[in-house]
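In what follows, a structure is listed as structure tokens, so that the remarks can point back to it.
Throughout, numbering of the chain's residues begins at 1 and tracks the sequence.
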Amino acid sequence: MTENAAAEPHTDATGPRRAEAPLPAWRDPALSPEARADALLREMTLREKIAQLFGVWVGASDEGADVAPHQHDMEEPVTLDELLPHGLGQLTRPFGTVPVDPAVGAVSLMRTQRRIAAANRFGIPAVAHEECLAGFAAWGATAYPVPLSWGATFDPPLVREMAAAIGRDMRAVGVHQGLAPVLDVVRDARWGRVEETIGEDPYLVGTIATAYVQGLESTGVVATLKHFAGYSASRAGRNLAPVGMGAREQADVILPPFEMAVRESGVRSVMHAYTDTDGIPSAADDRLLTRLLRDTWGFSGTVVADYFGIAFLKTLHAVAGTFGEAAGAALAAGVDVELPTVKTFGEPLLESIAQGRVPEALVDRAVRRVLAQKAQLGLLDPDWSPVPEALRDADPAAAVDTLRGTVDLDPPHNRSLARRIAERAVVLLRNDGTLPLDRGAPPRRIALIGPNAEAPTAVLGCYAFPVHVGGQHPGVPLGIELPTLREALEAEFPGGRLDVAPGSGIDAPGTEGFAEAVALARGADLVVAALGDRAGLFGRGTSGEGCDAQSLSLPGVQQQLLDALLDTGTPVVVVLLAGRPYALGRAATESAAIVQSFFPGEAGTTAVASVLSGRTAPSGRLPVSVPRHPGAQPSTYLAARLGHASEVSSIDPTPAFGFGHGLTYTTFEWGDLVVEDGEAATDGEFRLACTVRNTGGRAGGELVQLYLHDPVASVVQPLQRLIGYVRLDLAAGQAARVRVTVPADLASFTGRHGTRIVEPGELELRFSASSTEPRLTARVALTGPVRQVDHRRRLHAEFTVTPLPPR
């Protein structure tokens with residue numbers, strides 16, 4: 001076998017076996033994964049068991065050699081030669097650490113897996129995990145819209161399809177686990193990681209995230225729910241700040257998406273959150289990670305640490321005096337795997353066990369879960385091979401360099417899917433009739449003004465590879481096509497003239513570019529103002545992890561630039577490529593139109609341009625409210641009466657555009673409300689129906705949103721909350737009858753004594769176009785005794801849509 005060999009035969013990593021040798025029980029695929037894990041566990045030394053409980057952060061070699069340990073300022077250097085004889089639990093981000101050609105990276109990972117398996121006496125390979133928040137975070141892989149755009153689609157089947165495509169690409173090159181989706185519910189839009197979330201409503205987050213998990217898991221890739229739980233509720237929207245929420249907010253807002261995903265998606269991993277809630281860090285919270293997640297909900301997979309999260313029990317939370325104590329606290333709480341690398345689960349844990357401070361039984365409990373999952377993944381099978389699918393047909397004698405470019409992680413199907421999601425997610429916030437523009441006869445002169453006019457990466461979130469990793473390698477090509485907004489508009493309106501000026505930077509304080517921008521605007525027939533964010537990490541962007549905002553004003557001087565453009569009198573169409581909602585000042589009422597797109601991925605500018613022209617009908621809806629005032633935070637639609645505008649406060653949190661809002665290029669008429677069962681027992685259900693008709697001259701999409709309002713309850717409730725939704729795509733003149741069955745369980749909440757209950761009393765069920773636009777209201781009543789419910793309650797209203805004949 002030459003050093004340059006591309007792929008190697010499918011052999012048992014432990015070496016040749018004699019045909020008559022009995023198969024060890026842990027190698028026997030006929031046994032259950034749990035039985036195989038127990039059999040292997042009995043054969044392992046303590047050090048071998050602990051080795052299965054941590055990962056090592058690595059980067060694939062662009063020459064096809066073994067991966068190299070990645071050095072990070074929060075970790076100590078590791079030596080693979082010292083670790084591997086005992087085994088290794090995980091490989092951290094072999095593709096997502098440095099730019100590497102996908103085929104060559106697959107060779108590098110293959111060789112590393114062979115090395116890992118050959119080095120330990122059981123031949124156990126590692127689980128390779130990667131980020132996949134907005135697509136597989138690898139060089140050359142498709143960059144899909146960020147999760148906030150998933151939420152804007154209100155389209156679980158489309159998100160499921162995307163996740164399956166991501167999973168297939170990851171699995172093809174040898175990756176087993178993806179660190180997504182994020183199920184944090186937005187509580188304060190100043191938080192930098194809003195772009196990574198799905199929205200501010202737990203039902204929307206739960207349904208979209210569950211669909212994502214189903215798609216990823218359908219390909220055999222392990223999905224990871226994160227961050228469990230409460231990370232997004234940090235005070236003042238600051239990353240990693242303490243969380244001060246009460247038990248009811250946690251139970252009724254933060255936890256339901258996780259509960260839904262655990263019950264319905266087949267998810268096999270959960271990641272603990274960094275934060276502490278009321279003084280208890282999530283990584284050391286056995287009530288959360290064991291009693292609720294496992295004992296109550298029945299989760300049987302692995303709990304993995306957020307990066308460095310176990311060490312943070314000592315260094316940030318100060319609930320552990322040593323790294324050994326931190327390891328013991330995490331294991332006792334229910335954490336199984338330390339990521340991204342060994343820090344506390346190595347020598348500090350061994351020392352604590354030797355001193356009798358940590359029971360070895362905790363290690364056994366975690367290892368059993370890890371080994372059972374490896375058995376599920378086929379990593380313990382006798383015919384396991386390190387050769388991934390992408391290399392199965394490669395010539396074993398081929399040199400590595402001949403493989404470059406042979407693995408396409410951004411094929412036409414992916415690009416088409418990315419475009420469909422981006423188009424579905426564009427939200428038209430305002431329109432005075434200026435849009436859509438006529439492609440055949442567009443405005444003769446368009447002024448494209450703004451810092452996002454010619455920025456290729458303006459469509460990417462902070463976990464997209466070109467931003468997350470590529471920014472540290474400025475000489476490396478992006479790896480994917482990222483048309484700028486200028487290029488997209490030139491392609492969409494070939495007959496028009498486009499004049500371009502940045503006007504300002506994203507967050508730079510200077511206004512020296514205003515004069516040129518205003519002059520172009522005055523001489524144009526239409527202004528397209530390309531504003532928003534620059535994604536980055538830890539202060540290098542205006543959106544992203546560690547890029548929290550002091551207020552929801554547009555970054556830098558963009559609001560002043562926007563006001564200057566409005567002052568010209570030329571119609572202004574605002575296009576936002578951003579990671580969070582921003583207050584837009586006068587533009588909310590004075591602009592010609594506002595188009596909101598949350599980091600829409602590689603096809604994002606094309607999608608926006610197609611909406612501007614009307615080639616694509618806008619159908620996205622806001623997954624987060626757009627504030628009217630930049631300082632009225634924290635604020636979401638999911639607030640109790642005192643969280644809304646009142647006469648006793650000078651701050652008005654009323655949004656400019658509410659959760660669920662989105663315009664179309666047609667009109668819809670809602671009517672014929674029928675309440676078939678307006679009274680039900682607390683264990684019963686309601687049935688109601690309405691008709692929605694497209695009364696405009698073109699096809700369009702309407703989103704029927706169902707909200708529940710509880711006028712009087714034993715504990716304070718939000719004014720309303722989303723309990724269901726259904727998308728309708730209707731041709732001009734077409735109508736549909738929407739019927740819905742609403743279980744009484746959906747009216748449940750956490751009562752005074754900490755249990756979830758359904759109370760008798762009057763309710764309102766509102767068919768709405770958004771949280772601020774009710775269309776039809778049904779008044780119903782629950783009767784009978786207070787009923788206690790638990791995790792077995794019904795979670796969904798059941799919708800049936802029947803097309804109606806034209807009038």
Side-chain angles (χ1 to χ4, degrees), residues 1-19 21-31 33 36-37 40 52 55-56 58 60-61 64-67 80 84-85 87-91 94-95 100-130 136 138 167-178 219-222 268 370-400 402-403 406-407 409:
M1 187 72 58
T2 64
E3 179 59 27
N4 286 332
E8 300 173 29
H10 299 202
T11 58
D12 189 333
T14 59
R17 283 190 298 106
R18 294 179 179 177
L23 202 65
W26 56 271
R27 284 280 193 202
D28 188 354
L31 298 177
R36 296 170 70 183
L40 182 53
Q52 294 297 316
V56 172
V58 297
S61 165
D66 292 350
V67 297
L80 289 179
L84 295 189
L88 181 64
Q90 293 220 3
L91 285 168
F95 289 88
V100 59
D101 175 88
V104 178
V107 173
S108 178
L109 177 56
M110 176 191 71
R111 289 177 170 168
T112 301
Q113 289 283 38
R114 179 173 289 109
R115 176 184 174 189
I116 293 169
N120 71 83
R121 64 193 182 103
F122 300 105
I124 309 172
V127 169
H129 78 255
E130 286 289 354
F136 180 15
R168 285 191 296 269
D169 288 341
M170 295 171 73
R171 189 65 184 258
V173 293
V175 176
H176 308 101
Q177 181 170 358
T219 68
V221 173
V222 176
R268 288 181 285 173
V370 168
L371 294 178
Q373 195 159 92
K374 288 193 172 186
Q376 291 174 356
L377 292 167
L379 301 182
L380 304 185
D381 290 355
D383 62 349
W384 171 80
S385 169
V387 182
E389 178 184 330
L391 300 180
R392 293 278 164 84
D393 298 326
D395 181 356
V400 166
T402 66
L403 292 175
T406 62
V407 174
L409 296 180

Might you work through the side-chain contact (heavy atoms from CB on, under 4.5 Å) test for L391 and M110, ending with a clear yes or no? CA-CA 9 Å; L391 300 180; M110 176 191 71; 4.2 Å; yes
Walk me through whether F136 and V175 qualify under side-chain contact (heavy atoms from CB on, under 4.5 Å). CA-CA 10 Å; F136 180 15; V175 176; 4.1 Å; yes
Non-hydrogen side-chain atoms of L88 and Q113 separated by less than 4.5 Å: no
Using a strict cut-off of less than 4.0 Å between a Lys/Arg side-chain nitrogen and an Asp/Glu carboxylate oxygen, indicate whether R27 and D383 qualify as a salt bridge. no
Assess the residue pair R36 and D381 against the criterion (side-chain contact (heavy atoms from CB on, under 4.5 Å)); give the C-alpha distance rounded to whole Å, side-chain angles, the decisive distance to 0.1 Å, and a yes or no. CA-CA 10 Å; R36 296 170 70 183; D381 290 355; 2.8 Å; yes
How about K374 and Q52: do any of their side-chain heavy atoms sit closer than 4.5 Å? yes
Can you find a heavy atom in the side chain of P382 that is under 4.5 Å from one in the side chain of P29? yes
For G123 and N120, which heavy atoms make the closest approach, and how far apart are they? N-OD1, 2.9 Å
Working to the nearest 0.5 Å, report the span between CH2 of W384 and CD1 of I124. 11.0 Å
What pair of heavy atoms forms the shortest contact from V221 to G178, and how long is it? CG1-N, 3.7 Å
Examine distances only and state if a side-chain atom of R171 and a backbone atom of H176 form a donor-acceptor pair shorter than 3.5 Å. no
Please tell me if the side chains of L91 and T112 come closer than 4.5 Å, counting only heavy atoms from C-beta onward. yes
If I compare all heavy atoms of V107 with all of G64, which pair ends up nearest, and what's the gap? CG1-O, 3.8 Å
Atom of L84, atom of R115 and distance for their closest heavy-atom approach: CD1-NE, 3.7 Å
Do you know which two heavy atoms are closest between V100 and S61, and how far apart they sit? CG2-O, 3.6 Å
Taking the side chain from S108 and the backbone from G105, do they hold a donor-acceptor pair closer than 3.5 Å? no
CZ on R114 to CG on L109, rounded to 0.5 Å: 11.0 Å
Heavy atoms of G174 and P388 approach each other most closely as N-CB, 3.6 Å
For a quick check under 3.5 Å, do Q90 and Q177 share a side-chain donor-acceptor pair by atom type? yes
Is there a side-chain contact (heavy atoms from CB on, under 4.5 Å) between Q373 and V127? Walk through the geometry before answering. CA-CA 9 Å; Q373 195 159 92; V127 169; 5.7 Å; no
